[in-house]
Structure formats: C-alpha cells, structure tokens
Number of protein chains: 2
Amino acid sequence: MATIYEVAKLAGVSPATVSRVFNGVAVSDEKVAAVRDAARQLKFTPNRTARTLRKQESEVIALVIPDIENPYFTELARGVEDVAQKAGYSVVLCNTDSQLEKEATYLQIAISEHMAGVILAAASDTTNLDDIQAAGRPVVAVDRGTGYDIDGVVMANRTAGQAATEHLVRAGYRRIACITGPQLIETAYERAQGWRAVVARQFPDVDPDELLRYSTFRVDGGREVMEELLALPEPPDAVVAGNNLLGVGAIQVLTEHGLTPPKLGVAVVGSLPFTTLSPSAVTLVRLPARHMGVTAAKMLLERIAGDDQPARTVVLRGELQPARAAG
Amino acid sequence: MATIYEVAKLAGVSPATVSRVFNGVAVSDEKVAAVRDAARQLKFTPNRTARTLRKQESEVIALVIPDIENPYFTELARGVEDVAQKAGYSVVLCNTDSQLEKEATYLQIAISEHMAGVILAAASDTTNLDDIQAAGRPVVAVDRGTGYDIDGVVMANRTAGQAATEHLVRAGYRRIACITGPQLIETAYERAQGWRAVVARQFPDVDPDELLRYSTFRVDGGREVMEELLALPEPPDAVVAGNNLLGVGAIQVLTEHGLTPPKLGVAVVGSLPFTTLSPSAVTLVRLPARHMGVTAAKMLLERIAGDDQPARTVVLRGELQPARAAG
DNA sequence: ACTCTATGCGAAATCGATTTCATGATCAAC
DNA sequence: GTTGATCATGAAATCGATTTCGCATAGAGT
C-alpha cells in the first residue's frame, strides 16, 4: 500500500499537505488536484492504524453482547450497525457467552485498540467499567443496567411481563406459570415481577413461587423448566416466557406433549422471528430490539462527539401482539 | 493509560527491555521482575495500535457475511469466534447485506486496519479481492466460492439438495417443488441442481421449471414463492427449501393454508434452530455451519502463520434428519 | 593468555499518519 | 510605505510500540 510520503513525492508537495487534502483543511486548488491525482494513481488509502495512533481515537465501536446466536441480539446488532456504518464507523461484535472473563478481555481490547466507544449488554451487574471510564471512552448500556451512572437503553420489562400475563388472564387462563432467565439478570427478574404482580392480584390463592421458574435464557433452559411445570401435581394451563428462546423451548415441549398452544396458553416477552406457527397461536410482547440498537448507537455517537450532558436512560416499550385463533 | 516509557522509567530499564519482557525475548530475571512489578503498579496494557503500526499486523480477523440476522451465519460466526479467541485473535463481524459496495468498504477497512486476515462469505462471485491480495492478507472463502484460487470451506450443496429431494420421494410425494435463493448465488443454484437431478430421474414427465422458484434467501422470499406455488393450477404436494429462512417462510404460508407439514411435504437444506415444530414434521439436511466456521478459522490462522501450501477447499456434508411423524 | 561466540541491554530508527510551529507570501488598512 | 493579519505550506515533532545496531561483559575453546 502506498503511503502518504509516496503520494507527496509524486504530487510534488509535502506529506503534511497530502494529509490536509484528505482532511478538508485549506489547500490551494492546484495542489489539491495534484494530490488527488497522485493518490488515484498510487491507489492510496490512508493507513488507519497510523491515524489512530496519532489521533488517539479510531472509527470503531465495540458491541459487547452475551449471546450472538440469540436473534434478539442480532437484531440489536443490526440496528447498531446501520447507524454506525452511516456515520463512518465500523462495529466490532464481541460475544461474551455471559462470561465475565471474556467480557473483561473484550473491554481491555476496546481500550488498547483506542476504540471510539462501547455498547454493552452486560454479562452481569458486577461488570467492571473502571478502566474503560478512566480511559475516557464512552459506554452505553443496552438491555441491562451496569451499576454505573451511564447512558442506557432498556426495555420496560416489568410492564412487558405484566402485559403478557394480563392477556392470558383475559383469554381465560386461570393457572399461569412463568419461566424466566437467571434471577441475577435484571431483565429476567423484572419480567417475572410483572407476571407476579398480575398473578398476585388476580389469583390471591395461588402460591406464585410454585409456578415460577428461573432458568437460563436459552432454548434448552425453556425445555427443561417447561417439563418441570408439566410434571407438577397441578400443572399450569398457561405460561409466560421471559424471552424469545425460553418461549421456543417451552413451545417445543408443549408440542411434544400434544399441548400445542392455545391448548395451553403461551405468551412470550420477545419476538419469534423464525417461528413456523402462523397466524400465531402465541401472544407476543414484541420488543423493539433493532430500535434499541439504533438509539444506543445514536447516543454513543453523541458522546463520542463530545456531548457531556448528564447520563440518560431511555426506556422502550414492548408492543402486545395478541394471539389470533389458529387458522 | 501508561506507556512503555513510563514503565521503563519506573523499572529503571530502557523501553526496549520492557518490550522484550512482554514478548518473551531473553532478559535477566531481576529485570523481568522489576518490569513486571512496574507494569502492575501502573496497570500497563500495551497499546495495540502502536504495536500494529510497527509490526504491520494486528490480532484481528474480519468475518464478512451477507446477513447477520440469519442463524446460519451466526452459527458460523460462533465457530470462527471460538477458534479465534483461543488463538488470541478478536473477530470483527461485518454485515454486507449482500451489497457489493458495503462489502468492498469492509474489505478496504480490513486492509487499512492491517487486519491479519479475512473470512468471507462473498456477496456475489464478482467480489474483487485484488487489493486485499496485493496487501498480502490471507482470505478464506466460506459457504461460497469467490472466483479466486484461495482456501475455502463449502457445503456439499448439490448432494444436500439431492438428499432432501430423495427423502421426499421415499416418503411418497410425487410432485415436488423447489424454492431457492438468487440464481447467481452458487449455493442456491447448486442445491436446486440437486433437486433437479432427482426430479428429472424420478418424474421425467414433469417440467422442472414449472416447479422451481428462485427468490431471495429470506423469510419473505420463501413466503412469496410458496404462495405462487400453491396458486398453480396443479400445485405441488411437497417442497424443497434451499435454505433455513426460505423453509421458515414456506412453512408459515403452509400453516396459514392449513397445509401443515407433513400434509404437504417439506424438506429444508439447513437447520431450524428456533422452530417450534417438534418432533419435527419437516425433513432437514442439517448443515454444519459452526464446523464450517471452525475449519475456516483454523485454515486462516495457518495462513497467517505463514503457511503457503497450495489453496485447499474443504467440502462439508450435510446430515439428513428425516421428519418423524408428528406426535 | 587470546581469540571467538553468545548474551543482555540501551540508543536510536522505524511504522505512517496528524499536527504544531515557523516561514514567506499576499493583501488590506491607515 | 509600513504594519498587521491571514493564509498556504513545509519541516519536524509526535503518537507508543518493536526492532536493528552496536557495545560491553561473560564464558568457551585452543
């Protein structure tokens, strides 16, 4: 690859002038022409590494997420990418598998690669952001909080859990279970709290804890606890799934048991983009994951540009999509 | 962030020695201790940008794919990530949306950021790799060829299409359609060719072109052409879907029409990780996407390490998973 | 005892861009 | 016509690591 020096020599100017041409600083028309010409001839592309080293900032943002195989997060990623790309930034997608150690590694890399900023769906609320804050890199939290006072975009989880449950109540179900993710993950906990509030009000004689299951936010987790629920002496007649993958797992198990929804009512907090049930027999509270990504990316870009207003938290609401009777 | 100079000063050695300590070059025990001590005190992390500039190579590899929202590619990404991460590399995930222009931009970035190599699922077979080859960066093709003589990992697409179709024949279906991706994408074309071979042999009186539909590799594409097929004067009694998303779209439409498989036979080339049909009424030819990622990453790492044997192509076979009778 | 090699280590060059600083030219104002 | 401001431009410093080069010391070989 040609360097700025070679371009300078061919154009008969100094390297400084070449740099100025490419950065929009005032240069006489004739030199601009000469430089552009030389650059074209040599197929010059500025070396981003050198530029980053000198400017102490790169046009790369890190998106750190716990599970790249979850469509919820890829949809989020998609939103981030669209905004970033338009602004001339590229996105490094970092998959942590919910492991704090992997997450810490990626955050270190973000620092030592001088990345412009980080969008983080934290593996846990004990994630340590001291170093990256000390490095002055902006961080925007998505989906979950971080324990730091930083910008964030989250879903209205409690409301979503509530809406899902209420809809099942309206549909006539009387014994509504809930399966959700790890208790330590706030999204899992809050959605369950939404469910709990409705159940406690509507069915005061039911012991909520019997019908509540914490699991992983994965398909196999959903399968496992759904089996447990069905094996109860008095099984539920409906279930609220705390995220998309749990929903998939639960529905799989139900189908295996001949309890295809709506025989047993199912409401999912999240979307099922690849479901083959259609028109859906399942109630969804669709979460605007892509919109979350877009919002977070915009906020991050503002911070990168130097905005230092107090930290903001944006809360996005899910949208109830009621089950239609199966066709 | 502390620099190597500050560490050197605190440890009472030269910056060169600090560098040597961190790169495993011979240094006396006492100086090693002093340097490590100083580094710990200052929380020193080497600046990767400076290192990349000097070494002309970074520990980052680019994974360029056409659709990050397709679980097939995220599974692939997962395989790449696992291998890369273990080898100390991080992965930049670049989503091209099958647009040559976006793809070209990302390839330029890979060059100008001195990335160690690229794993590429090309947007089209006209992708231009001249620049990146001139830059001496290794490229491994995945899923699809590139028109260049480089390492690659592909699926046995024709065989997969054939296996899917043959299974439908064995299951008694007589009028088997095929929906696949854009004709210009070799995976789409080859899978259709597999289908065509079987149909031509088994049902010589059928005009294959009437039952073959090229579309996009997306859910809406599958929906659209499935509707078309059902509207035929003489509709098919089974269909082969050329990838996972087409399969999802097709099954959605079938469900809407009350033709839930196996009423109308469905075989999909690919996996349906988030399907809610279970035990599946759908025949799958599962493609080892993750394995493809692992293989490609290993090949790339070998090239990065300097291996210059002739280009290799690895072909992976799908695995037939017959539909079980619905429970 | 006298080379000869090996080894540890610091000084300085290097990677390729950006940016500061100094210089000379141009032009307006009084 | 002198002063001052503005502007284009080049030389050189800078970002922070790695690496070459050369020197000094230590140990091996004859």
Side-chain angles (χ1 to χ4, degrees), chain A residues 1-36 38-39 42-60 88 108-116 135-137, chain B residues 1-36 38-39 42-60 88 108-116 135-137:
Chain A
M1 275 284 120
T3 74
I4 205 172
Y5 297 95
E6 305 171 52
V7 175
K9 181 179 282 182
L10 181 60
V13 300
S14 76
T17 298
V18 177
S19 170
R20 289 192 260 256
V21 169
F22 282 92
N23 289 284
V25 182
V27 171
S28 71
D29 290 351
E30 57 183 328
K31 304 221 171 187
V32 169
V35 167
R36 292 216 181 280
L42 297 173
K43 288 192 180 183
F44 169 70
T45 322
N47 181 321
R48 284 180 168 235
T49 306
R51 153 190 274 251
T52 300
L53 176 59
R54 178 62 231 237
K55 304 231 308 187
Q56 303 280 19
E57 175 165 315
S58 73
E59 283 88 37
V60 174
Q108 275 305 320
I109 291 176
I111 297 172
S112 65
E113 298 249 15
H114 288 289
M115 292 184 190
R137 300 288 149 206
Chain B
M1 273 283 119
T3 74
I4 206 172
Y5 297 94
E6 304 172 52
V7 175
K9 183 181 281 182
L10 181 59
V13 301
S14 75
T17 299
V18 177
S19 170
R20 290 192 261 254
V21 168
F22 282 92
N23 290 283
V25 182
V27 171
S28 72
D29 290 352
E30 56 185 328
K31 305 223 168 187
V32 169
V35 168
R36 292 214 181 281
L42 298 173
K43 288 190 177 185
F44 169 70
T45 322
N47 180 321
R48 283 179 168 235
T49 306
R51 152 190 273 252
T52 299
L53 176 58
R54 178 61 230 238
K55 303 230 310 188
Q56 304 278 18
E57 174 164 317
S58 74
E59 283 87 38
V60 175
Q108 276 305 319
I109 290 177
I111 296 173
S112 66
E113 297 248 15
H114 288 292
M115 292 186 191
R137 299 288 149 204

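When reading the values below, keep in mind they use all heavy atoms of this one structure, side chains included, and skip hydrogens, waters and symmetry mates. Quick note on labels: first sequence line is chain A, next is B, and so on, each numbered from 1.
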**OP:** Go through B/Gln56 and A/Thr49 one step at a time and tell me if the side chain to side chain contact (heavy atoms under 4.5 Å, CB included) criterion holds.
**Re:** CA-CA 9 Å; B/Gln56 304 278 18; A/Thr49 306; over 6 Å; no

Original post:
Just how large is the angle between the end axes of the helix from C/dA1-D/dT30 to C/dC30-D/dG1, five pairs per end, to 10 degrees?
Top reply: 40°

Subject >> Criterion side chain to side chain contact (heavy atoms under 4.5 Å, CB included) on B/Glu59 and B/Arg51, from CA distance to verdict >> reply: CA-CA 10 Å; B/Glu59 283 87 38; B/Arg51 152 190 273 252; 3.5 Å; yes

Review item, side-chain donor-acceptor pairs of residues 13-22 of chain A, under 3.5 Å, at least two apart:
| residue | atom | partner | partner atom | Å |
| --- | --- | --- | --- | --- |
| A/Ser14 | OG | A/Ala16 | N | 3.4 |
| A/Ser14 | OG | A/Thr17 | N | 3.3 |
| A/Ser14 | OG | A/Thr17 | OG1 | 3.4 |
| A/Ser19 | OG | A/Asn23 | ND2 | 3.4 |

Between N or O atoms, less than 3.5 Å apart, protein on one side and nucleotides 5-7 of chain C on the other: list the pairs.
none

Original post:
With sequence neighbours left out, what residues match B/Glu6 under salt bridge (charged side-chain N to carboxylate O under 4.0 Å, His left out)?
Top reply: none

**OP:** Calculate, to the nearest 0.5 Å, the distance between atoms CG and CG belonging to A/Leu53 and B/Asn47 respectively.
**Re:** 6.0 Å

Original post:
Between B/Glu113 and B/Arg137, is there a salt bridge with N-O shorter than 4.0 Å?
Top reply: no

Subject >> Partner set under side chain to side chain donor-acceptor pair (under 3.5 Å) for A/Glu57, not counting sequence neighbours >> reply: none

Original post:
How does protein reach along nucleotides 15-21 of chain D, written 5' to 3' as B (base within reach of a heavy atom under 4.0 Å), S (only sugar-phosphate), or - (no contact)?
Top reply: BBBBBB-

**OP:** Measure from NZ on A/Lys9 to C1' on D/dA11 and round the result to the nearest Å.
**Re:** 16 Å

Original post:
In Å and rounded to the nearest 0.5 Å, what is the OG1 to OH distance from B/Thr3 to B/Tyr5?
Top reply: 7.5 Å

**OP:** Tell me, with the steps shown, if B/Ile111 and A/Thr45 meet side chain to side chain contact (heavy atoms under 4.5 Å, CB included).
**Re:** CA-CA 9 Å; B/Ile111 296 173; A/Thr45 322; over 6 Å; no

**OP:** Over all heavy atoms of both residues, which pair between A/Leu42 and A/Ala2 is shortest? Give the atoms and the distance, please.
**Re:** O-CB, 3.6 Å

